[in-house]
> 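Got a structure for you, written out below as structure tokens; questions coming shortly.
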Protein chains: 2
Amino acid sequence: MDKGQKEVTIYDIAEKLHISAATVSRGLTNHPRVSKSTRKSILKAAEEMGYRSNSIASNLRSKKSNVIGVIVPRLNSSFMSDLIAGVEKVVNNNNYSLFISQSLETMQKEVTNARAMLNNRVDGLLVSLAYDTTNIEHFEPFLKRNIPVIFVDRVFEHASCPQIFIDNTKAAYEITNHLIAEGCKNIIHLTASLLRNVYADRLSGYKKALEESGLQFRESNVIIGDLSSQAGIDAAAQILKMEKLPDAVFAANDICAVSCMIELQKHGIRIPEDIAFAGFNNDPTACVVQPNLTTVNYKGYEMGEVAAQLLINHLIDKSDLQQTHSLILRSELIIRESSLRSKKS
Amino acid sequence: MDKGQKEVTIYDIAEKLHISAATVSRGLTNHPRVSKSTRKSILKAAEEMGYRSNSIASNLRSKKSNVIGVIVPRLNSSFMSDLIAGVEKVVNNNNYSLFISQSLETMQKEVTNARAMLNNRVDGLLVSLAYDTTNIEHFEPFLKRNIPVIFVDRVFEHASCPQIFIDNTKAAYEITNHLIAEGCKNIIHLTASLLRNVYADRLSGYKKALEESGLQFRESNVIIGDLSSQAGIDAAAQILKMEKLPDAVFAANDICAVSCMIELQKHGIRIPEDIAFAGFNNDPTACVVQPNLTTVNYKGYEMGEVAAQLLINHLIDKSDLQQTHSLILRSELIIRESSLRSKKS
DNA sequence: TACTTTTAGGCAATCGATTACATTTTGAAT
DNA sequence: ATTCAAAATGTAATCGATTGCCTAAAAGTA
């Protein structure tokens, strides 16, 4: 089973027009050193003959692929798919293509994927790290080759890699303060691997808020899981077993917050009267669940756009990436009924 | 700003080991005609020298890229991101890579994206069509070259393109029948472009159920939009203006169903007492919204896995794709409170 | 020992486009 | 008609790996 008839190449066009392949190549790429009339005849012949530029050959020779690589923990999360959609839009509008892979939250796959990206000679890389990634040596080969690597959301400190994220500490600080202002004094925090800035920072914002309000931070109030829907259910079970019920739960994402909340409701807990709730991300479910979930609005789409644009600008005009080391995007606290206790009391 | 120091090639390895590049190439690809000892020394040298296989060069010569292309309407929908996650898993496990682009529901972008995929010489293509795609001439160049094209979910009838989807007619028939069994007689159907099988088939299942129950089908009961969250809100407004309120709404996806339902609730409509609701897809929100939404379970992840596996099997063992023309996956009706009126009456 | 087969490895063309450099053509100015 | 810069095109090397065909060496066989 072969690829059907032979492909039309620039040589075929050259032969037909009795000109050289070099001129054809120039004609097809709008090189200024080819006359208008020749270009026109080249384009016409290309069209007629069903010519399809072979990017692979072009990439090999020109040592650039016009491909951006993306490595994310998972593709099927509301946040990540938004992020990727934003990236795709920008990348596509700039005539680049997108190579995508997911690490499934393991460093091992992240390493494998990075290697595949390198072999495929992507021009740049956008990365959001897996839960258990402990170092980023697997990106060194890119940096050594001056291939830009940009971290998004789940970042890692490295002199030559720009980072794009939000101020997680501040956001968590604000949301915790809000809960405290609503009268909560015993706040559970659901989170995931503290290796990741997003979770470590949210935890520190939470701690800071407690501290400033003179509330004691208790290690046992931090439940570390994978922030999945199941993790929320498990956390609910754990909470129900506590000798003294907490008066608030702040989860590091909405998925987990919502499932935990619903599970607790099934056991007769009233939200927010018995336990106030807050999440993170402003997932679609946040304003569907009853009561609507207080959360941090933090949409991936723009983050994806910004990251992709930064990368592409660099690739196009070679602007110095080091200039922009960290890009901190805006996030906002969205207060909904799940945390509003003061009105009721 | 160049790519740093020169890349290590098989020639460098060959020179160092005083053997030919051909042998190095064979050694690296586990070709049987190279001795164990030479292979070992090649691998060792490659490792030491930091050799990275250049897939581009390899692709050019071997005329195969080990890349699968995917074109979907959007990346940031729960269903599509699940589907892509399934595809990615299978593709990745088989040492292929993934090229992804979104058509944003327009045929124009679909055409452009297809061309980019072709230029990049993908080995195969998975496609889910845009709303307004009227023909699939843009995939002919693939077929002419014997590059397999498989349609997923939003399919198109074509002799050489396998299709993977669910029985939308049957699912819609069942869900409509269920609503009728619950006593509904005036059922609104929210859907999108009838150019797409998924929506046309659901409509015909809806019609068939009405017909068989002796209920009259009314054109004015079908509201065509884009099934977005906003479309649900718009539909709610339209419904509220009707001289006689419907007693059920069956939306062709959950996003739209949920937003429509919530909007109606805001206007004092009780679900399911006043209006029963049903959606399609079993999105995460379906079991978060109150009351939980009756829907069709129809997860994209497995569909993605199946599609990718079919494609890859074909690429690997050249099994005849024509063998499997249509693959109809299982779907199931999930009845939840949003449509349960009989108990209450 | 002589001959055949197997195994390991080398040679060189090839994939298709790009591009530095060389050459020819054009056209304007003298 | 001559000159010369500018414009247009051609030549040929190059990117890095693969592979059909060939040869040499090793192993097996009689």
Side-chain angles (χ1 to χ4, degrees), chain A residues 2-43 45-46 49-67 116 118-121 123 145, chain B residues 2-43 45-46 49-67 116 118-121 123 145:
Chain A
D2 68 347
K3 290 286 174 73
Q5 77 269 42
K6 283 242 186 45
E7 284 291 333
V8 178
T9 70
I10 53 170
Y11 296 101
D12 301 320
I13 298 179
E15 191 171 12
K16 174 163 179 184
L17 299 180
H18 306 294
I19 57 179
S20 79
T23 304
V24 176
S25 172
R26 294 193 184 104
L28 291 168
T29 52
N30 271 341
H31 189 290
R33 280 222 307 244
V34 62
S35 72
K36 273 206 162 50
S37 62
T38 339
R39 183 188 338 283
K40 197 185 283 183
S41 63
I42 290 171
L43 292 177
M49 302 170 74
Y51 170 79
R52 284 298 121 102
S53 156
N54 187 328
S55 310
I56 307 224
S58 167
N59 295 345
L60 176 59
R61 176 60 223 247
S62 60
K63 289 171 172 294
K64 101 183 264 312
S65 61
N66 267 54
V67 171
L118 187 60
N119 288 350
N120 279 289
R121 300 299 193 265
D123 287 342
R145 290 166 173 77
Chain B
D2 67 349
K3 288 286 174 72
Q5 78 269 45
K6 281 243 186 46
E7 285 290 334
V8 178
T9 71
I10 54 170
Y11 295 100
D12 300 320
I13 299 180
E15 191 172 12
K16 175 163 179 183
L17 299 180
H18 306 296
I19 57 181
S20 78
T23 304
V24 176
S25 171
R26 294 194 182 104
L28 290 169
T29 53
N30 271 339
H31 189 288
R33 279 221 308 244
V34 63
S35 72
K36 272 206 163 49
S37 62
T38 341
R39 184 190 335 286
K40 195 184 287 182
S41 62
I42 291 171
L43 292 175
M49 302 169 71
Y51 169 78
R52 282 300 122 102
S53 157
N54 186 328
S55 309
I56 306 224
S58 168
N59 295 344
L60 176 60
R61 175 60 223 243
S62 60
K63 288 172 171 293
K64 102 182 262 312
S65 61
N66 266 55
V67 171
L118 188 61
N119 287 350
N120 279 289
R121 300 300 192 265
D123 287 342
R145 289 165 173 79

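Lettering of chains follows the sequences in order, A, B, ..., and the numbering in each one begins at 1.
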> If you compare all heavy atoms of Met49(A) against all heavy atoms of Ile13(A), which two are closest, and at what distance to 0.1 Å?
SD-CG1, 3.9 Å
> Given dT18(C), dG16(D), dA17(C), identify the nucleotide with an atom nearest to the side chain of Asn54(B).
dG16(D)
> Rounded to whole Å, please give me the gap between CG in Asn59(B) and P in dA17(D).
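One finds 12 Å between P of dA17(D) and CG of Asn59(B), rounded.
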> In whole angstrom, give the distance that lies between atom NE2 of His31(B) and atom P of dA8(C).
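Interatomic distance, NE2 of His31(B) to P of dA8(C): 11 Å.
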> Which nucleotide sits closest to the side chain of Ile10(B): dA8(D), dT18(D), dG16(C)?
dT18(D)
> Expressed in angstrom and rounded to an integer, what is the separation of Ile56(B) atom CD1 from dG16(D) atom P?
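The distance from CD1 of Ile56(B) to P of dG16(D) comes to 11 Å, rounded to the nearest Å.
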> Need to verify one output field. Residue with the more 5' nearest nucleotide on DNA chain D, Arg33(A) or Tyr11(A)?
Arg33(A)
> Considering non-hydrogen atoms only, spot the tightest contact between Ser20(A) and Ala14(A) and give its length.
C-CB, 3.7 Å
> Distance check: side-chain N/O of Ser35(B) vs OP1/OP2 of dG9(C), anything under 4.0 Å?
yes
> Arg61(A) has a side chain; which of dC15(C), dT19(C), dA8(C) sits nearest to it?
dT19(C)
> Between Thr38(A) and dT9(D), is there a side-chain N or O to OP1/OP2 distance below 4.0 Å?
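Yes, because at least one side-chain N or O of Thr38(A) sits under 4.0 Å from OP1 or OP2 of dT9(D).
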> Under the side chain to side chain contact (heavy atoms under 4.5 Å, CB included) rule, collect the residues that match up with Thr29(B), sequence neighbours excluded.
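Side chain to side chain contact (heavy atoms under 4.5 Å, CB included) list for Thr29(B), sorted by chain: His31(B).
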> Would you say the side chain of Thr23(B) lies within less than 4.5 Å of the side chain of Leu17(B), judging by non-hydrogen atoms?
no
> Please report the distance, rounded to the nearest Å, between CG in Asn66(B) and P in dA17(D).
16 Å
> Roughly, in whole Å, what's the span from NZ in Lys63(B) to P in dA17(D)?
18 Å
> Is there a donor-acceptor pair under 3.5 Å between the side chain of Ser53(A) and the backbone N or O of Asn119(B)?
no
> Hey, does Ser55(B) reach any base, or is it just sugar-phosphate, or nothing, if we go heavy atoms under 4.0 Å?
nothing
> Can you give me the closest heavy-atom contact between Ser25(B) and Ile10(B), atom names plus distance?
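Heavy atoms of Ser25(B) and Ile10(B) come nearest at CB-CD1, 4.3 Å.
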> For a 4.5 angstrom cut-off between non-hydrogen side-chain atoms, does Asn54(A) reach Leu60(B)?
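Of all side-chain heavy-atom pairs linking Leu60(B) with Asn54(A), at least one is under 4.5 Å.
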> Looking only at heavy atoms, what is the nearest atom pair of Ala46(A) and Leu28(A), with distance?
CB-CD2, 4.2 Å
> Taking atom P of dG9(C) as reference, at what distance in whole Å does atom NZ of Lys36(B) sit?
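Going from Lys36(B) (NZ) to dG9(C) (P), I get 12 Å.
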> Taking the side chain as everything from C-beta on, heavy atoms only, tell me whether Asn59(B) gets closer than 4.5 Å to Asn59(A).
no
> Would you say Ser62(A) places a side-chain N or O within less than 4.0 Å of OP1 or OP2 belonging to dC15(D)?
no
> Find the distance Ile13(A):CD1 to dT18(C):P and express it as a whole number of Å.
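It works out to 11 Å between those atoms.
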> Which angle, to the nearest 10 degrees, lies between the helix axes at the two ends of the helix from dT1(C)-dA30(D) to dT30(C)-dA1(D), each defined by five pairs?
40°
> For the side chain of Arg26(B), starting at C-beta, report the closest nucleotide among dC15(C), dA8(D), dC11(C).
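Of dC15(C), dA8(D), dC11(C), dC11(C) is nearest to the side chain of Arg26(B).
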> Between Asn30(B) and Arg39(B), is there a side-chain heavy-atom distance shorter than 4.5 Å?
yes
> Please list, in numerical order, the residues of residues 15-25 of chain A that have a heavy atom closer than 4.0 Å to any atom of DNA chain C.
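Correct list: Ala22(A), Ser25(A).
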> In whole angstroms, how far is the P atom of dT18(C) from the NZ atom of Lys64(A)?
12 Å
